[in-house]
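Everything on this sheet refers to the single structure shown next.
Each chain gets a letter, A, B and so on, in the order the sequences are listed, and its residues count up from 1. As the structure is a computational prediction, the values presented were derived from the model and not from experiment.
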Amino acid sequence: MEAKKLYITTAIPYVNGTPHIGNALDYLLADIWARYQTQNGHQVRYQVGTDEHGNKIAAKAAELGIAPQAYTDQQYVHFKNLMEKVGASSTDFIRTTDAHHVASVQYLWQVLQPHIYKDIYEGWYCIGHEAFFTDKEVQEMAGVCPDHQKPFEHVKEENYFLRCSDFTEQIRTAINDGTMEIYPDFRKKEFLELIKDGLADVSISRPRKSLSWGIPVPNDPDQIMYVWLDALSNYITVLGYPDNPDWQNYWPADVMVIGKDILRFHAGIWPAMLLGAGLALPKKLLVHGFINVDGAKISKSVGNTIDPVEVIDNYGLDAFRYYFSRHVPTLEDADFTWEKFENAYNNELGNDLGNLLSRVSSMITKYQAGVIGESAQTEHDMSQYHDSMNSLQFNRAIDEVWNMVRSLNQYIDNVKPWEVAKGIGKDPEAEAHLSEILAHCAGALLQIGDLLVPFLPTTATAIHAQFDSGVVKPLDGVLFPKKYIHTPDPHAAK
RNA sequence: CGCGGGGUGGAGCAGUCCGGUCAGCUCGUGUGGCUCAUAACCACAAGGUCGCAGGUUCAAAUCCUGCCCCCGCAACCA
């Protein structure tokens, strides 16, 4: 297969806050794809980063009595830690305060000049949202933002606007003909519906007096760029745009991973920016859903947040990756409960896979002094797995791996190696037969290990280490030991 | 009539495009088997008016009509 240069991106979180499970999901999905493509011999660039400009950052920094940059310097680390924690094999990390990014965005602005115009913006502004609201909305809320408990300010100011409306037709066509695919299909429909009256022009700057912490507009010292232009550009500036020509090897992105809440920006404003700058559109937008906890939306005020770090520290990295790749459907919303999580951990990882590895290792050790015999390699049909991976339905792909795990457990019970072992010494063919059976088991586990590389890298390595050399080492403990932190231990003494 | 998704055994889902081979899968529950293994694994069983009501058809979870309910978006708490 020809090695291709591929590029996958994740949304960059706003550093005003702590990382949450949704960020972790972004990194995980992108990572699964990146590892899968790398395994298939492609060269992958995988971008992550942090969004660090805006009034909320400035306000928070002022509250703490430090400079905005000092504040983001201490905040971005939390996100970087999370990426490492979930095992993200990212190749590029960007902060929107990076000098290169700042300069590149200013360059991009100039390229976009023909599609930028200045206009008066008049409306109601909420500092908490960093957004404008219509007269009607403000009336309904009686002039006070319910989320932030602050009155809306009436503002009349000069802003620069990006003429997204120039590109409505091109974008619609690209979405419809698959030049820029939106996965899943229902999100595509949702978005097309949203823009049926055309894309609205968007404000892309604000006067410095209203927005101090951001990238200055070139040639207009009084204006600062508004968040989206700054943040969205990261996907190309991180590649080196415009000065490092290598960016052209990786743009357009093959997959952009985003949450359903930001589809409109990534399918509307961002493509308009790209088209305006004469750049290609990304090939696919992978839109994932949200994670609910105990059936309810995650909310800090309700206090039902799930800390990905806690999950990983208690159960291990692969347990985390397993649950969020298999039990969280890639394209839809999902529910997390500790009970579901722990059941999946104990039953599926422990009993199905971990125990399978134990029983096979044990038999090879016990019956053959650890030596794995020769076996005709029977290739399991993997088309379902690969189809699912290619259509970005990772949960279905890993389901397929579990079908193999189950089949292998069934196989062992059918052929009963322990019975065959009893025949050694009596039946002249027993030894060869047993060797063949166990070699088949080891081979199947190795194959399972290969398929798990994108999902459970640690486990895949462990399986490989166990069988790869042809000699099984005595097991050093077990994979996925039982844990009963959130569910009752069924074997506990009464 | 704003837009979208969904309602299938106790739970979570597949199947719906192309009607029959469909009522399926995983978990849970029960019974049995086995002993290589993490009190695991394997087999079998119980359990469903496929949201409701009409219609089309020899035949509907699947197609048509109407209705009810849940969720999401619109409305950057992700």
Side-chain angles (χ1 to χ4, degrees), chain A residues 11 13-14 17 19-26 54 56 126 128-134 136-137 140-141 145-148 184-194 196 227-228 231 258-265 288-292 295-302 305 326-327 329 331-335 337 339-340 343-344 346-367 395-396 399 402-403 405-406 408-422 434 437-438 441 475 477-483 489-492:
Chain A
Y14 201 53
H20 51 67
I21 199 81
N23 306 129
L25 185 61
D26 251 24
K56 268 190 275 192
C126 167
H129 281 90
E130 288 197 53
F132 288 95
F133 291 79
T134 63
K136 192 179 154 214
E137 287 168 332
E140 279 170 5
M141 294 183 272
C145 173
D147 295 335
H148 300 93
D185 209 50
F186 67 86
R187 296 285 175 215
K188 164 174 149 182
K189 275 195 268 181
E190 212 172 87
F191 184 74
L192 286 173
E193 181 62 33
L194 187 71
K196 66 170 188 275
V227 283
W228 286 105
I258 56 175
K260 65 180 184 180
D261 55 325
I262 51 176
L263 171 61
R264 58 185 48 213
F265 305 105
H288 69 250
F290 286 175
I291 293 163
N292 295 320
K297 264 178 135 167
I298 290 182
S299 137
K300 278 175 196 147
S301 47
V302 175
T305 54
R326 185 167 189 210
H327 293 286
L331 307 172
E332 285 157 64
D333 286 2
D335 193 40
T337 70
E339 192 185 4
K340 283 181 190 173
N343 282 339
N346 284 325
N347 297 334
E348 297 168 24
L349 285 174
N351 294 346
D352 293 344
L353 179 61
N355 179 57
L356 176 61
L357 184 79
S358 293
R359 66 196 303 213
V360 170
S361 299
S362 162
M363 285 189 281
I364 294 174
T365 305
K366 197 171 267 185
Y367 301 140
N395 57 313
R396 294 198 173 200
D399 273 347
W402 247 256
N403 283 339
V405 170
R406 168 171 280 272
L408 189 54
N409 270 322
Q410 286 169 336
Y411 169 80
I412 293 172
D413 275 73
N414 281 335
V415 299
K416 299 180 176 54
W418 52 91
E419 291 286 339
V420 179
K422 285 180 193 159
L434 181 61
I437 289 168
L438 295 180
C441 292
L475 266 184
V478 296
L479 282 181
F480 312 113
K482 290 291 163 59
K483 305 224 185 224
D489 181 352
H491 314 308

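- In this structure, CD on A:E348 lies 5.0 Å from CZ on A:R326, to the nearest 0.5 angstrom.
- A close approach under 4.0 Å does occur between a side-chain nitrogen or oxygen of A:N347 and OP1 or OP2 of B:G28.
- A:D352 comes within 4.0 angstrom of sugar-phosphate atoms only, judged by non-hydrogen atoms across all strands, and of no base.
- The NZ-P distance, from A:K340 to B:U26, rounds to 18 Å in whole Å.
- Remark: A:K196 is not in phosphate contact with B:G4, judged by side-chain N or O atoms under 4.0 Å from OP1 or OP2.
- Side-chain proximity of A:K422 to B:C36, B:U35, B:U38: nearest is B:U35.
- Positionally, the nearest nucleotide of RNA chain B for A:E190 lies more toward the 5' end than for the other of A:N343 and A:E190.
- Between A:L357 atom CG and B:C36 atom C1' the separation is 13 Å, expressed in whole Å.
- For B:A74, one of the phosphate oxygens OP1 or OP2 lies less than 4.0 angstrom from a side-chain nitrogen or oxygen of A:R264.
- Listed pair A:R406 / B:C25 fails the phosphate criterion, with no side-chain N or O lying under 4.0 Å from OP1 or OP2.
- Taking only side-chain atoms of A:N351, from C-beta outward, the nucleotide of B:C27, B:U35, B:U38 with the closest atom is B:U38.
- Within 4.0 Å (heavy atoms only), A:Y367 reaches sugar-phosphate atoms of the nucleic acid but no base atom.
- Atom pair A:F290:CZ and B:G6:C1' shows a separation of 18 Å (rounding to whole Å applied).
- Among the protein residues, A:G259 comes within range of no part of the nucleic acid, since none of its heavy atoms lies under 4.0 Å from any strand.
- Between A:N346 and B:U38 there is no side-chain N or O to OP1 or OP2 distance below 4.0 Å.
- The two atoms that bring A:I258 and A:L263 nearest to each other are CD1-CA, 3.7 Å, heavy atoms only.
- Relative to the side chain of A:V478, the nucleotides B:C41, B:U38, B:C3 differ in distance, and B:U38 lies closest.
- When the nucleotides B:U38, B:A78, B:C42 are ranked by their closest atom to the side chain of A:N409, B:C42 comes out on top.
- For the pair A:D399 CG and B:U26 P, the computed distance is 11 Å after rounding to whole Å.
- The nucleotide whose nearest atom lies closest to any side-chain atom of A:S358 is, among B:U38, B:G72, B:C27, B:U38.
- Residue A:Q410 has no polar side-chain atom (N or O) positioned under 4.0 Å from OP1 or OP2 of B:C41.
- Interatomic distance, A:D185 CG to A:E190 CD, rounded to the nearest 0.5 Å: 11.5 Å.
- In this structure, the nucleotide among B:C42, B:A78, B:C3 sitting nearest to the side chain of A:E193 is B:C3.
- Ranking B:C27, B:U38, B:A78 by closeness to the A:I291 side chain, first place goes to B:A78.
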